[in-house]
**Q** 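Below you will find the structure I want to go over with you.
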Number of protein chains: 2
Amino acid sequence: MTANTPEKSRAQSLGQYLANVRTTKRMSLREVEEACAGVVSNAYLSQLEHDKISKPSPNILHALAEVYAVPYATLMAKAGYITETQKPKQKSGRHAQVPTFATDDLTTEEEEALLEYLAFLRSRKGGGK
Amino acid sequence: MTANTPEKSRAQSLGQYLANVRTTKRMSLREVEEACAGVVSNAYLSQLEHDKISKPSPNILHALAEVYAVPYATLMAKAGYITETQKPKQKSGRHAQVPTFATDDLTTEEEEALLEYLAFLRSRKGGGK
DNA sequence: ATCATCTGCTAAGTATATCAAGCAGTCAAG
DNA sequence: CTTGACTGCTTGATATACTTAGCAGATGAT
């Protein structure tokens, strides 16, 4: 009940998350398709990002997790395949080992902007939990 | 590895495993269907046990895991959805150091928010060089 | 202006997971 | 014997995951 407020958590849908990650990595739909070795087609990826697929195959999610370098469990969770037995706490955990931010991929400008935004976020929330 | 199979450590297919468990518990196909609250039909369970289904939905496997009281990860592994004891794979360089963004200090919410913001920044055409 | 090559996206088709219904066999009464 | 309630199993139909082919817009070079 500490972090059971869904209004604040704003958990992204699978599609939203996939789209954000791909945009961040600056990859096109067809680049991802190639990186997946044909496991995912660019057309299907587009449908995934628009939440047109309700139950994607774990194979697809696993391939995307590899290409995007995000934890497989995260995609599985967002797809609704709740793995409560082996899913990291998403409540008030202060540590997400998600290496989504490859800093060598960030420009100085972006890094500063993100830092500023993060500071803004945290100042809003106060001291966390 | 395979520390859960009490007697047989023979690598059996998903269907054989499911049939084995059900027989051990002395449940009929329709009993399992009822116990799953309609998530799995008896007809489908029969096909599953005969390995007629190549890629069953994780939802089905999860329901069966609950009814049979076997680990979900085991069924997922036998279904071919990777191996559950294989997750540490962020050792392969590429982006190991995250100086400014201590990602281990980011909550999931913050990470998503930053990703979204970064995606927004970069979607602003001409963000690169 | 016309190509050329990207981008994301969609429409139509194929493959397959999943279900409802029914079939054949077994066993225990009546 | 028949009837009924079980059993596992198959079949035909439907939903949907997924692909191939293509479209419209943007950008850039000739």
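Convention: sequence-line order gives letters A, B, ...; per-chain numbering from 1.
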**Q** Which whole-number value in Å describes the distance from Leu48(A) CG to dT16(D) P?
**A**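 Checked: the CG to P distance equals 16 Å.
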**Q** Round to the nearest Å and state the distance from Leu45(B) atom CG to dC9(D) atom C1'.
**A**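 Going from Leu45(B) (CG) to dC9(D) (C1'), I get 11 Å.
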**Q** Identify the heavy atoms of Ala63(A) and Val40(A) that sit nearest to each other, and give their distance.
**A**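 Shortest heavy-atom contact: CB-CG2, 4.5 Å.
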**Q** Could you please name the option among dA20(C), dT19(D), dA17(D) that lies closest to any side-chain atom of Ser41(A)?
**A**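 Side chain of Ser41(A) sits closest to dT19(D).
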**Q** Within the structure shown, what part of the strands sits under 4.0 Å from Val39(B) by heavy-atom distance: base, sugar-phosphate, or nothing?
**A**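 Sugar-phosphate contact only - Val39(B) comes under 4.0 Å of backbone atoms but never of a base.
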**Q** Roughly how far, to the nearest 0.5 Å, is the CG atom of Leu45(A) from the CD atom of Glu31(A)?
**A**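 Reported value, rounded in 0.5 Å steps: 11.5 Å.
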**Q** Looking at dT10(C), dT10(D), dC9(D), which one has an atom nearest to any side-chain atom of His50(B)?
**A**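 Side chain of His50(B) sits closest to dC9(D).
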**Q** So, does Glu33(B) use its side chain to make a donor-acceptor pair with the main chain of Asn42(B) at under 3.5 Å?
**A**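 Yes: the side chain of Glu33(B) pairs with the backbone of Asn42(B).
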**Q** Starting at atom CZ of Arg26(A), determine the distance to atom P of dC6(C), rounded to an integer number of angstrom.
**A**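 Result: 18 Å.
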**Q** Any idea which of dC9(D), dA17(D), dA11(C) is nearest the Ser57(A) side chain?
**A**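 So the nucleotide nearest the side chain must be dA17(D).
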**Q** Would you say dT16(C) has OP1 or OP2 under 4.0 Å from some side-chain N or O of Ser54(B)?
**A**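 Result: no.
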**Q** Atom CG of Leu29(A) to atom C1' of dG22(D): distance rounded to whole Å?
**A**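 Spelled out: CG on Leu29(A) to C1' on dG22(D) is 15 Å.
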**Q** Between atom CD of Gln12(A) and atom CG of Leu18(A), what is the distance when rounded to the nearest 0.5 Å?
**A**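 Separation between the atoms: 10.0 Å.
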**Q** From the set dG8(D), dA20(C), dC18(D), return the single nucleotide nearest to any side-chain atom of Ile60(A).
**A**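 Given the options dG8(D), dA20(C), dC18(D), the side chain of Ile60(A) is closest to dC18(D).
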**Q** Among dC19(C), dT7(C), dT7(D), which is the nearest nucleotide to the side chain of Arg30(B)?
**A**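 Comparing dC19(C), dT7(C), dT7(D) against the side chain of Arg30(B), the answer is dT7(D).
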**Q** Mind calculating the distance between CE (Met27(A)) and P (dT7(C)) to the nearest angstrom?
**A**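 So the CE-P distance, Met27(A) to dT7(C), works out to 11 Å.
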**Q** Starting at NZ of Lys55(B) and ending at C1' of dC18(D), how long is that distance when rounded to a whole Å?
**A**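 Rounded to the whole Å, the gap is 8 Å.
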**Q** Measure the distance from CG on Leu18(A) to P on dC9(C) and round it to the nearest whole Å.
**A**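 Rounding to the nearest Å, CG of Leu18(A) and P of dC9(C) are 13 Å apart.
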**Q** If you assign each of Val40(A) and Ser46(B) to its closest nucleotide in DNA chain D, which residue comes earlier from the 5' end?
**A**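 Looking at the nearest nucleotide for each, Ser46(B) comes out on the 5' side.
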**Q** Please state how far atom CD in Glu49(B) lies from atom P in dT7(D), giving the value in whole angstrom units.
**A**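 Nearest whole value for this atom pair: 13 Å.
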**Q** Can you tell me if Lys52(A) touches the phosphate of dT10(C), counting only side-chain N or O atoms and a distance under 4.0 Å to OP1 or OP2?
**A**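 Looking at the OP1 and OP2 atoms of dT10(C), one of them is under 4.0 Å from a side-chain N or O of Lys52(A).
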**Q** Between Thr24(B) and Tyr68(B), is there a side-chain heavy-atom distance shorter than 4.5 Å?
**A**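 In short, these two side chains do not touch, never coming nearer than 4.5 Å.
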**Q** Using OP1 and OP2 only, check whether a side-chain N or O of Ser28(A) sits under 4.0 Å from dT7(C).
**A**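 It does, given that an N or O in the side chain of Ser28(A) lies less than 4.0 Å from OP1 or OP2 of dT7(C).
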**Q** From the list dG8(D), dC18(D), dA21(D), which nucleotide is the closest neighbour of the side chain of Pro56(A)?
**A**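 Nearest listed nucleotide: dC18(D).
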**Q** Please give me the minimum heavy-atom distance between Asn59(A) and Val39(A), naming the atom from each residue.
**A**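 Scanning both residues completely, I find the closest heavy atoms to be O-CG1, 4.4 Å.
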**Q** Please evaluate the base of dT19(D) for a donor-acceptor partner in the side chain of Gln47(A) within a cut-off of under 3.5 Å?
**A**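 Check passes, donor-acceptor contact within cut-off.
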**Q** For Asn42(B) and for Ile53(B), find the nucleotide of DNA chain C with the closest heavy atom, then tell me which residue's nucleotide is more 5'.
**A**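 Here Ile53(B) is the residue nearer the 5' end.
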